[in-house]
Amino acid sequence: MQNLLHNLNEEQLAAVTLPAQSALILAGAGSGKTRVLTTRIAWLIQTGQVSPSGILAVTFTNKAAKEMLTRLSAMLPINTRGMWIGTFHGLCNRLLRTHHRDAALPQTFQILDTQDQLSAIKRLLKAQNVDDEKFPPKDVMYFINGAKDQGLRAHDIEPYNADERKKVELYQLYDDQCQREGVVDFAELLLRTYELLSRNQPLREHYQQRFQHILVDEFQDTNDLQYKWLKLLSGHGGQQGGVLFAVGDDDQSIYAFRGANVGNMSAFEREFNVKNLIKLEQNYRSHGHILDAANVLIANNSKRLGKNLRTDAGHGEQLRVYEANSDLSEASWIIEETKNLIHDGASRSEIAVLYRSNAQSRVIEHALFSAGIPYHVYGGLRYFQRAEVKHAIAYLQLMDNPHNDSAFLRVVNFPARGIGVRSIETLQAAADQYRVSLYAAVPYVTGKAGTSLAGFVKLIEGTRFETQQMALPELVRIVLEQSTLLSHYATEKEGADRIENLEQMVSAATQFLSEEGYGQGAPAHLGPQAQASSGTAVVNEDGFEILDADAPLATVMSPLSAFLSHASLEAGDNQATIGQEAVQMMTVHSAKGLEFNNVFITGLEEGLFPHESSSREHDGVEEERRLMYVAITRARQRLYLSFAQTRMLHGQTRYNMKSRFFEELPEDALKWLTPKVQQSWFGGRKSAWDEAPLVGSDNAIAQKFAAKAISTGGGWRIGESVAHAKFGEGVIVNIEGSGNNARAQINFGAAGMKVLDLSIAKLDRI
DNA sequence: GTTACTTGCTTTTTT
DNA sequence: AGCAAGTAAC
């Protein structure tokens, strides 16, 4: 016990040992948030206030859940495997498998990832003859997910115009389609569970009684539905239910774009009448200047619960600011500094290069590669998202549930077996007519198409029969062979990597079995009924028998179903990890939760960071500022900030002003490596081209541009404001050509972007 | 049915 | 620029 609470500071100790009442912990960056959360759980168990089964701990990512489990098993001598610690989606999956009948789902329901969902929607739009110009599949998907994230079904939405009415209609049809196919998307996992528990009183009461303590990580990232879900389970408004312990940081809320609602924090405080609000403001990560910068910057946001980080560490070094002429010279500067850091003994994995958007990584990657510095880029394609792996998964899905039309369509003609668009159309028509799945409609198709389709069905049936008694890894191997995926890729010239990935699936299956506590030899298809005795049957006072979703997943899911869930819910690691110690490259978003001794924040330019699209959204800039706050607080010792005057983006050269965030940082925390200039394109000092010589080593590009800009007829310059008789006022965005051929691209705001011939167009300077 | 070319898109990401 | 997806030609 003493051990457990040892080394906690006053605030942390207070949070860990709070009485059993709803509590909100405002945990700043680097303040020991995960530590508090896990110690709280350990303390509750160790003091006998609750048994491990009375705990429900929810996170957003698998990584966070794993981290919590690892730390917990280090603190307590208990088996954490049976504990309810997981992601919202993972926990819902567990509940729905157990209570699939009450939730009106087939036991083998499958989970659509985002890709699958989009293709399901495309299929629906086609079937409904919907103009996908007017209703782009992505928009329809956002609409549906947005509604689900708020806990709304199609019939809950009052459409305010014809377009929305159509979307609502499509939402309903989409849900029908999923139900027919026995599939659920990510948002559906949560919504379905929410509905299950709110409609089924005995079930709800059972879980409300069971979970005496509910702990939520990253509470600022919860969406409306997740908050409702938590309210329901904690029995908010009723006399029974658990205690909600929420940990979060409103300053690190960076997921509003996907439905997260920071407002849930104050709503929670109000609705749960929270008396225990504890702020963890002691930072154990960063040096003083870094923390000052973060504090001063975030103070510019208006909607805050209020929190200021402090540290006992000294000021440390100032933040180093570099202005580059171009994205290329920014990259070469990063290389130089990285080399210096490594030379001075820094470990490569303690150097992180952050950027706002993935498109920015390429130039830096290229530079690192040329310099021979090992690096690792986060955020690439994940293992289970690779095309060949998805194909194999689709075959496995058909083993378990042949009525999954998405899976069927993905592989019915892959590898090619002579089943083309025509055959599929015929099949689709039959399926519509008899209102069955594509698979079930195959017997209705006659002729040549019917023969090839029947051949495919035979392949699936045959493989299913053959693998009946096999263990999962073996089944995977047989499916890879029977599907002819392996032989197909063997004939492709670039197929070697793909084959390797496919073969890796067999070991992934083996590993999965041992991690999830399945017997290695258990038949992959074994139904849960065979093992039902190991589950906990509960009869409550009303005489309802409840199978608690308590026991290992093996009780409620066959190894195959479980493996497929795993593939959807945990897409696997980002690309093969480079063995060597490598420089870490990632977006600011994916850096959340990580920390490094040395951090570069690159591309600090208006339009990039803050991103231009943010100015259009409500509180968009505030979210960008929080993003910057997250970025700054990743650094322990040294922080570099950089921006470039010229940048190639999407095949166009862009000229950005330096980020407004520089003006919001405390001056004495900054050390300008290049002279600080009051740079401004619109008024104030003239453009940077006018200043020669330019700073830095690589100013050739800039000078070229400068020369070009001046040589163009009339001396028009990029960034200059102009007036046109017809289009009104605008800004020159780009100039191409020279002399009589010079043309300018001008942004006229409301009148749009125009390209005008400078020798013809009548423009006035403003 | 397959292949080669054109078009369009491009913020952030997890499940 | 670079990539995915859709379309036209083989």
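Each chain gets a letter, A, B and so on, in the order its sequence line appears, and its residues count up from 1. The structure presented is a predicted model; accordingly, all values stated were derived computationally and were not measured.
Here the nucleotide nearest the side chain of A:Ser357, chosen from B:dT11, B:dT13, B:dT15, is B:dT11. Distances from the side chain of A:Ser613 to the nucleotides B:dT10, B:dT12, B:dT11 place B:dT11 closest.
Applying the side-chain contact (heavy atoms from CB on, under 4.5 Å) criterion to A:Arg153, with sequence neighbours excluded, gives A:Lys148, A:His155, A:Asp156, A:Tyr171, A:Asp175, A:Glu188, A:Leu191, A:Arg192, A:Glu195. Every residue two or more places apart in sequence or in another chain that forms a side-chain hydrogen bond (donor to acceptor under 3.5 Å, both in side chains) with A:Glu605 is listed here: A:Arg647, A:Asn656. The side-chain hydrogen bond (donor to acceptor under 3.5 Å, both in side chains) test applied to A:Asp400 returns A:Ser561, not counting sequence neighbours.
Contact annotation: A:Asn62 side-chain N/O to B:dT14 OP1/OP2 distance is not under 4.0 Å. Residue A:Arg258 has no polar side-chain atom (N or O) positioned under 4.0 Å from OP1 or OP2 of B:dT15. Between A:Asn358 and the phosphate of B:dT11, there is no side-chain N or O to OP1/OP2 separation shorter than 4.0 Å.
Residues from residues 621-632 of chain A placing a heavy atom under 4.0 Å of any atom in DNA chain B do not occur.
Within 4.0 Å (heavy atoms only), A:Ser568 reaches no atom of the nucleic acid at all.
One finds no salt bridge joining A:Arg386 and A:Asp497 here, because no Lys/Arg side-chain nitrogen approaches an Asp/Glu carboxylate oxygen to under 4.0 Å.
Whole-Å rounding puts the A:Leu649 CG to B:dT12 P distance at 10 Å. Atom pair A:Phe186:CZ and B:dT15:C1' shows a separation of 4 Å (rounding to whole Å applied). Taking atom CD1 on A:Ile254 and atom C1' on B:dT12, their separation rounds to 8 Å, with Å as the unit. Rounded to whole angstrom, the span from the NZ atom of A:Lys63 across to the P atom of B:dT15 amounts to 10 Å.
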Criterion salt bridge (Lys or Arg N to Asp or Glu O under 4.0 Å) on A:Asp250 and A:Arg304, from CA distance to verdict: CA-CA 7 Å; A:Asp250 53 324; A:Arg304 296 183 65 214; 5.2 Å; no
Test salt bridge (Lys or Arg N to Asp or Glu O under 4.0 Å) applied to A:Lys390 and A:Asp113, step by step: CA-CA 11 Å; A:Lys390 287 222 80 172; A:Asp113 66 19; 2.7 Å; yes
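Comparing A:Lys138 and A:Gln385 against DNA chain B, the residue whose closest nucleotide sits nearer the 5' end is A:Lys138.
Taking the 5' to 3' direction, DNA chain C first and last meets chain A under 4.0 angstrom from a heavy atom at C:dA1 to C:dG6.
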Return the polar atom pairs (N/O with N/O) between nucleotides 1-9 of chain B and the protein under 3.5 Å, or none.
| from | atom 1 | to | atom 2 | distance (Å) |
| --- | --- | --- | --- | --- |
| B:dG1 | OP1 | A:Gly418 | O | 3.1 |
| B:dG1 | OP1 | A:Ile419 | N | 3.3 |
| B:dG1 | OP1 | A:Gly420 | N | 2.1 |
| B:dG1 | OP2 | A:Gly420 | N | 3.2 |
| B:dG1 | OP2 | A:Val421 | N | 3.4 |

